[in-house]
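One structure below.
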Amino acid sequence: MFSLIASILIDGIAYGLVLFMVSVGLTVTLGLMRFVNLAHGTFAMIGGYAAATAITALGLPYGLALICAALAAGAIAYGLEIALIRRLYHRPELDQVLLTIGLVFMGIALSGMMFGNSLVPVRLPEFLRGATDLGFRQVPTQRFVPLVLGLATLIGIWLLFERTRFGIRLRATVDNPRAAGELGINTRHIYAAAFAIGAALAGLGGVAGAELLPVEPYYPLKYLVLFLAVVAVGGPGNMLGSFVAALLLGTVETAGKYLAPDFATIALYALMLLVLSWRPEGLFRRTSKT
Amino acid sequence: MTNLHRSIGAAAVIPLAAVALALIFPNQQAFLAQIAITALVVLSLDLVVGFAGLATLGHAAMYGAGAYGAALYALHVWAEPLTGLIVGGLAGATIAFLSALMLMRSHGLTFLMMTVAITQILYEIVNKSRAVTGGDDGLYGIVMKPLLGVFEFDFYGRLAFWYAAVVLWLVFLLLRHIVASPFGLTVRAVRDDGDRVATLGGNIFGHRVALYTLSGAIAGLAGALSAQTVQVVGLHSLSVTFSADILVMLVMGGAGRLWGGLLGALVFMMIHHYAAEIDPVRWMLFVGAILVAIVLFLPKGLFGGLEALVNRLRGRAPA
């Protein structure tokens, strides 16, 4: 019994942290920038492909591959923000939904053409292969990657938001774009940078979670609902909320898979439906400080 | 041209188009029936997306409910088509009404996510209830009795096409009437400024639930038509993918206009029929690029674009 609960918690938390890393950027775009981005999973997929290519084709070590993943996802996102996304900040939600679905379809097609339609493994370094003995069960060592990176992401984001000049400017821009602009903050630049940072984190999450959410062309569509669910349940714009929601949803789905494999998916969606009909703004509504 | 002439002219478009299509593609009537059925479900989607302004990725729930409802009815109760059609419509309306009670207080992303969740739950339930629904094999072996006791369903889909086209036509006429009615106007007012409608004493929740139920009934009719004419019902009819497909069609044609939905379904199905056989991957690239281009350059869809073009040719200012 104890080992079952512990297993569920370990796997659920690892899974939840992957969800958190991918979704945290989405909660910023959705909640703070008010842009409905259904293409966010694409950035995680780009990260996965970039890391796999860096390791297999270029022979880079795992750590550098992680950086490549973040850079590739961030750079592509930055380009997209300038070319397309920023034109839609003031358009209706439906337009944003449609444009980003279009981007998802294009991403699927392009990655299928470039990398083939099968799963692409991210090759692990020696010290992450094999299993670690926790006394009551063996855990694949790579499952600690999301644990470490996920917590680092949480701390990094908190520092970025609360302790840096960029964080102050971002919060100011979100709270009142006009006033922020009049005070000399380049709000367009802030939005683009925030979008790119969110995508870079998703790219990291794509690599860290490659074991749990394998990298393939349909990745952005397959897990789209999962990422959006984290944001919706956590309350758009609330990063700590996303963190809790990611752990909650991750653990519930993992528990479902252990206890009643046939009903894991139903349990996940039922939970989401319950939370959203009970609190349409998510579990943790972001209260504006104004 | 008087208003009466104009509405008689508009009412004749669907029958004329149906005759023209049947003459141009005499050997593809089963495919034409598919187009008519798809146009019907896109029309129902337009009520929610275009007229109520709610983006949904869960419209397949009602279409699938209609399809499975009509298929089960035909297999186990009575294989008569018209009562089966009613069963499908009722199934769609029931699912829509029940989900509307949960959905219609939310909007935006929350609404979108809840429609997805409802569809996925339904999908999983149908998938797991193998004994009743056939699971991922679907339901097959549906053989319908003759329509009105006279017309036999034929192998080439001739009757299927006319059957679907007539249902589409009748629903279209009904919707034209409803959209212009006080009810239709209130729904559009809620979309444009819900707070103001509430201040004026309008019942936002009630109007939305009624509209969603109506839309579900029509989607259910489309599902039933599909079950009866294709004679197979599969899980795809309940999938989010299908919901996304019909949303693309609607936007391509132009949301918020009944003609837009019809045009979108026709154009999308035609291109898909000929292009997807060549290369499914490039097809996705194409659909994606079309979506992006329409949002950026043609926000009112093909129909809106055509209308603007006609107005310009006539030397009128755009409406």
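Computed over heavy atoms, backbone and side chain alike; hydrogens, waters and symmetry mates excluded. Residue numbers begin at 1 in each chain, while the letters A, B, ... track the order of the sequences.
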Verdict with reasoning, B/Leu291 to A/Leu99, per side-chain contact (heavy atoms from CB on, under 4.5 Å): CA-CA 6 Å; B/Leu291 267 180; A/Leu99 181 104; over 6 Å; no
In terms of heavy-atom proximity below 4.5 Å to chain B, should A/Leu268 be classed as side chain, backbone, both, or neither? neither
Is it the case that atom CZ in A/Arg188 sees more than 12 heavy atoms from other parts of the structure closer than 6.0 Å? no
Pick out which of A/Leu228, A/Val225, A/Leu224 makes a side-chain contact (heavy atoms from CB on, under 4.5 Å) with B/Val116. A/Val225
Say you draw a straight line from CE of A/Met272 to CE of B/Met114; how long is it, rounded to the nearest 0.5 Å? 8.5 Å
Nearest atoms (heavy-atom pairs only) where B/Glu124 meets A/Ile266: CB-CG1, 3.4 Å
Give a yes or no on whether the backbone of A/Ser277 and the side-chain of B/Arg105 come within a donor-acceptor separation of less than 3.5 Å. no
Go through A/Gln96, A/Arg87, A/Glu93 and name the one with the most non-hydrogen pairs under 4.5 angstrom from chain B. A/Glu93
Between B/Met284 and A/Ala109, which heavy-atom pair has the shortest distance, and what is it? CB-CB, 4.1 Å
Given that the side chain runs from C-beta out, which part of A/Leu38 has a heavy atom under 4.5 Å from chain B: side chain, backbone, both or neither? side chain
When heavy-atom pairs shorter than 4.5 Å are enumerated against chain A, which of B/Ser106, B/Ala289, B/Ala255 gives the highest number? B/Ala289
Once you round to the nearest 0.5 Å, how far does OG1 of B/Thr119 lie from OH of A/Tyr269? 10.0 Å
Non-hydrogen side-chain atoms of A/Met113 and B/Leu285 separated by less than 4.5 Å: yes
Would the number of heavy atoms belonging to other residues, nucleotides or ligands and lying under 6.0 Å from OH of A/Tyr89 be above 12? yes
Check whether B/Ile125 gets within reach of chain A through its side chain, its backbone, both or neither, counting any heavy atom under 4.5 Å. both
Tell me, for B/Val240 versus chain A, whether the close heavy atoms (under 4.5 Å) come from the side chain, the backbone, both or neither. neither
Please give me the minimum heavy-atom distance between A/Asp95 and B/Val295, naming the atom from each residue. O-CG1, 3.7 Å
Contacting moiety of B/Val251, where chain A heavy atoms sit under 4.5 Å: side chain
Around A/Tyr218, counting heavy atoms of other residues, nucleotides and ligands shown, do more than 12 lie under 6.0 Å from its OH? no
Taking side chain as everything from C-beta outward and backbone as N, CA, C, O, which of these in B/Leu57 sits under 4.5 Å from a heavy atom of chain A? Side chain, backbone, both or neither. side chain
Heavy atoms from other residues, nucleotides or ligands near CZ of A/Arg34 exceed 12 (cutoff 6.0 Å): no
Derivation and outcome, side-chain contact (heavy atoms from CB on, under 4.5 Å), residues B/Leu247 and A/Leu98: CA-CA 9 Å; B/Leu247 186 63; A/Leu98 296 165; 4.0 Å; yes
Do A/Leu276 and B/Met113 have side chains that get closer than 4.5 Å, going by heavy atoms? yes
Side-chain heavy-atom pair A/Thr265, B/Tyr123 within 4.5 angstrom cut-off: no
